[in-house]
Amino acid sequence: MRGLSEDFYARPVLEVARELIGCTVAHGEAAGVIVETEAYHDSEPASHAFVGVTPRTRTLFGPPGRAYVYRSYGIHTMLNAVAEPEGVGAGVLIRALEPVAGIELMAARRGLTQSSSAQPASRLAQLEQLCSGPGKLTQALGVSLAQNASSLSSGPVRIGPRVRGWEDPPVLQGTRIGISQAVELPWRFAVAGCRYVSRPWPSASGRGGAAGR
DNA sequence: CATGGGATTGACT
DNA sequence: GTCAATCCCATGC
């Protein structure tokens with residue numbers, strides 16, 4: 001797959017976070033469409049880059065279009081796309097995917113058994129939860145810390161443009177999840193009503209279309 | 001060099 | 001709803 005160019009990422013991080021919705025992430029034969037993202041920027045305290053350039057945040061301040069990969073809670077691996085021009089510490093956390101290729105491989109990596117005798121409803125539920133979280137999708141894709149700072153245009157992990165059927169997805173915007181600072185910023189994006197997202201939409205503006213996961 | 005805190009998940013009450 | 005797992009790294013002495 002041809003990856004998005006560096007120029008795509010060299011823009012305001014909120015723009016990049018919104019436009020990454022509907023794009024495809026691939027690692028080897030495993031791939032999925034991005035359905036949920038969050039933006040982080042060095043100007044706000046929830047961002048790792050808030051503390052400035054350190055060995056950890058070097059990637060975030062580096063060239064756009066690279067992968068920023070880090071370990072969270074000692075267990076989970078998180079995948080971000082570095083955004084904004086070099087010198088600005090910004091990135092987009094990929095939070096959920098709709099699986100599209102290499103599904104058996106991804107299920108195996110997640111420790112799930114692909115039983116063909118299971119009821120269709122149960123198999124669908126399993127598919128919806130295969131990549132429904134930032135730690136889950138890196139496990140399913142096989143992304144590791146070794147991919148930190150690698151190019152998302154030409155490296156092992158790639159992000160390609162929106163394909164047919166995803167030209168103009170309905171995108172909702174809300175507050176980010178799992179942080180304790182700058183919780184009020186509406187820097188989370190997700191496909192409206194999508195069942196592959198990490199958490200049901202916090203329907204603050206009424207009971208919108210987003211049903212449970 | 002010691003310490004503390006997570007951009008989470010899954011198991012359990 | 002609660003809670004532990006477990007490691008990287010920023011910070012402070």
Side-chain angles (χ1 to χ4, degrees), chain A residues 9 12-18 20-21 25 32 34-62 64 66-84 88-97 99 106-113 122 125-150 152 157 159 172-191 195-202 212-213:
Chain A
Y9 301 95
V13 68
L14 287 175
E15 230 173 272
V16 178
R18 176 183 288 276
L20 277 176
I21 299 291
V25 184
I34 299 171
V35 296
E36 181 182 349
T37 61
E38 282 178 2
Y40 290 86
H41 188 274
D42 61 33
S43 61
E44 47 89 15
S47 172
H48 291 169
F50 187 66
V51 298
V53 182
T54 65
R56 183 195 203 186
T57 63
R58 193 176 65 239
T59 307
L60 279 171
F61 284 90
R66 307 289 184 89
Y68 168 54
V69 185
Y70 68 93
R71 169 110 39 233
S72 179
Y73 292 95
I75 301 173
H76 304 291
T77 305
M78 303 283 149
L79 172 65
N80 299 248
V82 175
E84 309 247 359
V88 180
V92 175
L93 174 67
I94 312 299
R95 286 194 57 91
L97 307 178
M106 291 198 283
R109 285 190 179 126
R110 292 260 298 119
L112 304 172
T113 55
S122 140
Q126 179 174 294
L127 187 66
E128 287 170 352
Q129 291 166 43
L130 189 55
C131 298
S132 62
K136 293 178 177 181
L137 71 89
T138 53
Q139 185 181 19
L141 288 175
V143 171
S144 76
L145 296 181
Q147 272 98 49
N148 184 46
S150 69
L152 293 169
V157 181
I159 300 182
L172 293 180
Q173 187 169 358
T175 54
R176 297 175 294 184
I177 292 173
I179 54 173
S180 56
Q181 310 223 250
V183 295
E184 72 288 352
L185 295 178
W187 286 10
R188 177 186 178 214
F189 300 89
V191 177
R195 297 186 53 85
Y196 295 85
V197 299
S198 63
R199 307 249 295 261
W201 204 256
R213 65 192 215 170

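Quantities reported herein were computed from a predicted structural model and do not represent experimental measurements. The sequence lines fix the lettering, A, B, ..., with proteins before strands; numbering per chain opens at 1. Below, each value reflects all heavy atoms present in this structure, side chains not excepted, and no hydrogens, waters or symmetry copies.
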Task: Non-hydrogen atoms of A/A83 and A/V16 that approach each other most closely - done: CB-CG2, 4.1 Å

- [ ] Round to the nearest Å and state the distance from A/Q181 atom CD to B/dG5 atom C1'.
- [x] 11 Å

Task: Sidechain N-carboxylate O distance under 4.0 Å for A/E38, A/R176 - done: no

TODO: Determine which nucleotide pairs with C/dT2, using a 3.5 Å limit on both distances of a Watson-Crick or G-U wobble pair.
DONE: B/dA11

Task: Value in whole Å for how far the P atom of B/dA11 lies from NZ of A/K136 - done: 11 Å

Open item on the list: Mind checking if A/I75 touches a base, just sugar-phosphate, or nothing, with heavy atoms under 4.0 Å?
Closed with: base

Task: Nearest-angstrom distance from the residue atom CZ of A/R71 to C1' of C/dA10 - done: 18 Å

- [ ] Quick one: look up who C/dC8 pairs with, Watson-Crick or G-U, both distances under 3.5 Å, and put none if it's unpaired.
- [x] B/dG5

Open item on the list: What is the separation between atom CG on A/L130 and atom C1' on B/dT9, rounded to the nearest whole Å?
Closed with: 14 Å

Open item on the list: Within the 4.5 Å heavy-atom criterion, are A/L97 and A/V35 side-chain neighbours or not?
Closed with: no

Open item on the list: If you only use heavy atoms from C-beta on, which nucleotide in C/dA5, C/dC7, C/dA10 is closest to the side chain of A/T54?
Closed with: C/dA10

Task: d(NE2, A/H76; P, B/dT9) in whole Å - done: 6 Å

Open item on the list: Using ring centroids (six-membered ring only for Trp), state whether A/H48 and A/Y70 fall under 6.0 Å.
Closed with: yes

- [ ] Give one of base, sugar-phosphate or nothing for A/R95, where a contact means two heavy atoms less than 4.0 Å apart.
- [x] sugar-phosphate

Open item on the list: Just to be sure I understand the rule, does A/R58 reach a base, reach only the sugar-phosphate, or reach nothing, if contact means heavy atoms closer than 4.0 Å?
Closed with: nothing

- [ ] Take the protein atom CE of A/M78 and the nucleotide atom P of C/dC8, then report the distance between them rounded to whole Å.
- [x] 14 Å

TODO: Take atom CD1 of A/I94 and atom P of B/dT8, then tell me their distance rounded to the nearest Å.
DONE: 14 Å

Open item on the list: Checking contacts here: which listed nucleotide (B/dG6, B/dT9, C/dC8) is nearest the side-chain heavy atoms of A/L145?
Closed with: C/dC8

- [ ] Ignoring hydrogens and angles, tell me if any N or O in the side chain of A/R71 forms a donor-acceptor pair with the backbone of A/L145 under 3.5 Å.
- [x] no

Task: Check: A/N148/A/T59 side-chain N/O donor and acceptor closer than 3.5 Å - done: yes

- [ ] Look at A/R110 and B/dG10 and indicate whether a side-chain polar atom (N or O) is within less than 4.0 Å of OP1 or OP2.
- [x] yes

Task: Minimum-distance pair of heavy atoms, taken over all atoms of A/S198 and A/E36 - done: N-OE1, 2.7 Å

Open item on the list: How many whole angstroms separate atom CD of A/Q129 from atom C1' of B/dT8?
Closed with: 15 Å

Task: Interface with DNA chain C, restricted to residues 36-52 of chain A and to heavy atoms under 4.0 Å - done: A/V51

- [ ] State which of B/dG6, B/dT9, C/dA10 makes the closest approach to the side chain of A/S180.
- [x] B/dG6

